[in-house]
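Presented below is the structure to which this report refers.
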Amino acid sequence: MDFLNLSKRLYKTFLPRLFSLAVNKFSSVGDDGSWVNDVWLWSVGWRRELFSWESELLSSFLAFIDPVTPSQHVRDSWVWIHHSSGFYSCSSAYDVIHSSQVAMGEFLFRKIWFTLVPSKVSGFVWKLILGKVPTKEVLSYKGILPNDDNLLCCFCNQHLECVDHLFLHCNFASSLWNGIYAWFGIYSVLPSSCKEHLAQHSTLLRSRKFSKIRLVV
């Protein structure tokens, strides 16, 4: 079990401040904890004493890794946690994907319609994640624009003007999002769809420090 995966994915990407303060940025599990009376205790080393707001980040980090408890005197092995047998199967993977999609839909519905924003904004975001915003691709599909018309993005004029490109992956849109993230001191990668982008904001800005930022963005 390698702590390096946590360092790169959670530690470095979502908590870059803690990552920069860690004494050993590429440590193993054995380097970041110990057994005390048959109980595993995490103990990550820091270059200095953490500030109060950094301690909040640490609490979030520990909440993530606390459920991970190493086993003594047992060899490491791969286990598929989504089935009681511990073995992977295509059917169990399908069940996981299907259930996560249903849960994600319900989660986004609450985030969109039960927030302190004008209803017209919620309506636009709802149409956005459903792909119903009248982009050139949508208008062409409905027969409003002829197929031989220019369907390229109105900003970059290089790619098909679809919802995800227009609001995320166009050079104009991506530079805008990167500027916003840099302004707030957040390090992230734009996901592939607007739906994933909305879900990312709900988790990326979960701490108390970023609660007001989440409402604005």
Side-chain angles (χ1 to χ4, degrees), residues 1-74 76 78-79 81-82 96 100 103-104 106-117 125 168 174-192 194-217:
M1 181 177 177
D2 195 346
F3 195 63
L4 178 59
N5 292 329
L6 287 177
S7 299
K8 288 185 176 179
R9 186 174 61 182
L10 173 73
Y11 215 9
K12 186 175 182 178
T13 304
F14 297 105
L15 301 172
R17 182 70 172 187
L18 292 183
F19 184 79
S20 65
L21 294 175
V23 173
N24 189 349
K25 297 178 175 59
F26 303 100
S27 55
S28 63
V29 169
D31 298 325
D32 289 289
S34 60
W35 292 100
V36 179
N37 297 327
D38 293 330
V39 177
W40 178 261
L41 299 178
W42 293 104
S43 179
V44 182
W46 310 106
R47 294 190 288 106
R48 60 165 174 77
E49 185 176 351
L50 300 180
F51 297 130
S52 57
W53 69 272
E54 293 170 340
S55 298
E56 291 185 13
L57 295 178
L58 176 59
S59 298
S60 301
F61 177 62
L62 291 177
F64 180 85
I65 65 175
D66 271 342
V68 181
T69 303
S71 301
Q72 297 189 74
H73 314 302
V74 177
D76 290 344
W78 290 101
V79 177
I81 63 175
H82 300 292
V96 171
S100 64
M104 179 61 69
E106 296 175 351
F107 171 76
L108 293 179
F109 183 86
R110 292 194 301 270
K111 287 295 181 181
I112 292 173
W113 293 107
F114 298 95
T115 55
L116 301 177
V117 298
V125 174
L168 288 179
S174 61
S175 62
L176 178 62
W177 282 114
N178 290 332
I180 293 174
Y181 288 149
W183 185 28
F184 291 133
I186 300 171
Y187 298 88
S188 182
V189 177
L190 291 176
S192 60
C194 291
K195 179 185 292 187
E196 294 174 353
H197 196 215
L198 179 61
Q200 183 187 57
H201 278 184
S202 301
T203 55
L204 186 62
L205 305 176
R206 183 174 292 174
S207 68
R208 183 182 305 173
K209 178 185 177 184
F210 295 126
S211 59
K212 294 182 178 180
I213 297 177
R214 180 174 65 245
L215 294 177
V216 174
V217 177

Checklist line | Gap separating the OH atom of Tyr181 from the CG atom of Leu176, nearest 0.5 angstrom | finding: 10.5 Å
Note to self: Could you measure the distance from the CG atom of Leu58 to the CH2 atom of Trp42? Nearest 0.5 Å is fine.
What the structure shows: 12.5 Å
Note to self: List the residues meeting ring pair (Phe, Tyr, Trp, His ring centres under 6.0 Å) with Trp78, not counting sequence neighbours, and say none if there are none.
What the structure shows: none
Check: Residues two or more places apart in sequence or in another chain: which of them pass side-chain hydrogen bond (donor to acceptor under 3.5 Å, both in side chains) with Glu196?
Finding: Ser192
Notebook entry, point to check: Minimum heavy-atom separation for Leu50 to Ser55, with atom names?
Noted result: CB-OG, 3.9 Å
Next item on the list: Decide yes or no for Glu54 and Trp46: does some side-chain heavy atom of the first lie under 4.5 Å from some side-chain heavy atom of the second?
Entry: no
Margin query: Is there a side chain to side chain contact (heavy atoms under 4.5 Å, CB included) between Leu21 and Phe51? Walk through the geometry before answering.
Written below: CA-CA 11 Å; Leu21 294 175; Phe51 297 130; over 6 Å; no
Note to self: Can you confirm whether more than 12 heavy atoms, excluding those of Ile81, are under 6.0 Å from its CD1 atom?
What the structure shows: no
